[in-house]
2 protein chains.
Amino acid sequence: MDKNLKRMATMHRMQVTGLELFYKNGYYNTSIDEILKSLSLSKGAFYYHFQSKEDFFVSIVQNLIVRKVYSMLIEPIEGKENPFPVIEKCFENALETAEHNDMDYGFILSNFISEFNRRNTVISNYLMDIYKIWEVNLISILQKGKSDGFVDRHVDSEGVATYLISSYMGVRTLMVQGNCRNLRYKYMQQLRHYFNSLTQKEAV
Amino acid sequence: MDKNLKRMATMHRMQVTGLELFYKNGYYNTSIDEILKSLSLSKGAFYYHFQSKEDFFVSIVQNLIVRKVYSMLIEPIEGKENPFPVIEKCFENALETAEHNDMDYGFILSNFISEFNRRNTVISNYLMDIYKIWEVNLISILQKGKSDGFVDRHVDSEGVATYLISSYMGVRTLMVQGNCRNLRYKYMQQLRHYFNSLTQKEAV
DNA sequence: ATTTTTACCGACCACTTAGTCGGTAAAAAA
DNA sequence: TTTTTTACCGACTAAGTGGTCGGTAAAAAT
């Protein structure tokens, strides 16, 4: 348990650099040699720790990508009270982070979902698991918002979650081509419009 | 002009099969050999007609992808009167077509935008041109809708266009993983909600 | 002190990749 | 009829690709 330290450290280094390059260039357009070169490690080291390129990527999904999505998009809304302002703030933050990151290559989750769609079902499933966690959390906060009187009773929480995730994924795809500030601004404004139409109307 | 017929026919055959495979497997994950094999053509034939893989793909973008996006998403709304029902019907149609196509690998435009993002600026630019045509058309129909009294005067047409494109791209990404019918239903319902909040309110 | 395990090296393998090039049969131009 | 052009063939190249494997130095276990 303690002697695994070195092993864990090396594996983690590989995963971090691996994710960096996979995110930047895409999975199919990134070779293991490339990753190894930028780590000054050898083939032997790689295949000592991982069974295959696919196995390697799965470990990246489960260790790094899950956490990234969680800390950026799930944790900030989990268990919170008034859904719309919370989600709004969360999205705004996420978009701002992307905007100020000149190494931004889009929303990591949707990028890989697109890349592996029907091309590698094993990896696709692991990615969709993350999507589902996100979705469940959105639905949950929306439902709670209904009982707390923040969200109109007639609102379809699942539908709203789908719509939110869709629009977020889409705008992140568009943002990579620049003009981020403007895109974010326009997106957030429309999001507020949309939320407005779902807010509990007091005294009909 | 007439003797080019054979040339055009072969090039077109290559482009059609090329797009099929690029769409299915991704650009970087599809080799020219693969395309040529499924056409029973040789390397010589390919490099006689096209300068490179990139040049080949650019020609596909300009000849086939433009038309696909245009006929599915632009032409049905171009010059029409009441924006929201028209856009709604157009999106509904597009999503239904995708749903009933078991060879659906997502929205062709956003798939490639993702794949080439920052990895190939030449191709990215050609793809973004298509996006811009779409955007301009949406903005234009929304503006017209304002003067015709269908759309609330305070609505930001550009913002709405961005939001529409984003959400459409996103939902198409999600749809590839199945449960399309449900996704489409939920998406369309929320789209209507959103449109409702933008519709001209009569007599304040 | 000896043996075993861990973590890594790097040469090597079979295969695929985009792209080149000399050739050629049929059609068109002269 | 001869020459030229068109449209294509397929062997070849150089540079990768994911993955294997025999080896090894240091650390840990015995």
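Here is the naming used below: chain letters follow the sequence lines, and residue numbers restart at 1 for every chain.
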Peer 1: Determine which pairs satisfy salt bridge (charged side-chain N to carboxylate O under 4.0 Å, His left out) with at least one residue from residues 17-26 of chain B, sequence neighbours left out, and list them in order.
Peer 2: none
Peer 1: Taking atom P of C:dA7 as reference, at what distance in whole Å does atom CE of A:Met14 sit?
Peer 2: 11 Å
Peer 1: Tell me, please, which residues at least two apart from A:Tyr187 pass ring-ring contact (aromatic ring centres under 6.0 Å, His included).
Peer 2: B:Tyr163
Peer 1: Side chains of B:Gln177 and A:Tyr131: any donor to acceptor distance under 3.5 Å?
Peer 2: no
Peer 1: Send over the distance from B:Leu36 CG to C:dT17 C1', rounded to a whole Å.
Peer 2: 13 Å
Peer 1: C:dA18 P sits how many Å from B:Ile35 CD1, rounded?
Peer 2: 8 Å
Peer 1: Could you check how far CZ of B:Arg13 sits from C1' of D:dC8, rounded to whole Å?
Peer 2: 12 Å
Peer 1: Partners of A:Lys80 by side-chain hydrogen bond (donor to acceptor under 3.5 Å, both in side chains), sequence neighbours excluded?
Peer 2: none
Peer 1: Can you sort out the partners of B:Glu88 under salt bridge (Lys or Arg N to Asp or Glu O under 4.0 Å), two or more places apart, ordered by chain and number?
Peer 2: B:Arg192
Peer 1: Do the ring planes of A:Phe107 and A:Trp134 sit parallel (below 30°), tilted (30 to 60°) or perpendicular (above 60°)?
Peer 2: perpendicular
Peer 1: Mind calculating the distance between CG (A:Leu39) and P (C:dC9) to the nearest angstrom?
Peer 2: 10 Å
Peer 1: For D:dT6, does OP1 or OP2 lie under 4.0 Å from any side-chain N or O of B:His49?
Peer 2: no
Peer 1: Tell me, for nucleotides 10-25 of chain D in 5' to 3' order, what letter each nucleotide earns: B for a base near a protein heavy atom under 4.0 Å, S for only sugar-phosphate near one, - for neither?
Peer 2: BB-----SBBB-----
Peer 1: Distance check needed: C:dT17 C1' versus B:Lys37 NZ, whole Å only.
Peer 2: 15 Å
Peer 1: Taking ring-ring contact (aromatic ring centres under 6.0 Å, His included) as the definition, give me every residue that meets it alongside A:Tyr105, ordered by chain and number, with sequence neighbours left out.
Peer 2: A:Tyr23
Peer 1: What residues, two or more places apart in sequence or in another chain, satisfy side-chain hydrogen bond (donor to acceptor under 3.5 Å, both in side chains) together with B:His100?
Peer 2: none
Peer 1: Short of 4.0 Å, heavy atom to strand atom, which residues of residues 116-126 of chain A count as contacting DNA chain D?
Peer 2: none
Peer 1: Could you give the side-chain donor-acceptor pairs of residues 53-61 of chain B under 3.5 Å, partners two or more places apart or in another chain?
Peer 2:
{"from": "B:Lys53", "atom 1": "NZ", "to": "B:Tyr27", "atom 2": "O", "distance (Å)": "2.9"}
{"from": "B:Lys53", "atom 1": "NZ", "to": "B:Thr30", "atom 2": "O", "distance (Å)": "2.9"}
{"from": "B:Glu54", "atom 1": "OE1", "to": "B:Asn120", "atom 2": "ND2", "distance (Å)": "3.1"}
{"from": "B:Asp55", "atom 1": "OD2", "to": "B:Gln51", "atom 2": "N", "distance (Å)": "3.1"}
{"from": "B:Ser59", "atom 1": "OG", "to": "B:Gln15", "atom 2": "NE2", "distance (Å)": "2.9"}
{"from": "B:Ser59", "atom 1": "OG", "to": "B:Phe56", "atom 2": "O", "distance (Å)": "2.7"}

Peer 1: Using whole Å, report how far CZ of B:Phe57 lies from C1' of C:dA18.
Peer 2: 16 Å
Peer 1: I want to check one thing: is the phosphate of D:dA7, taken as OP1 and OP2, less than 4.0 Å away from some side-chain N or O of B:Tyr48?
Peer 2: yes
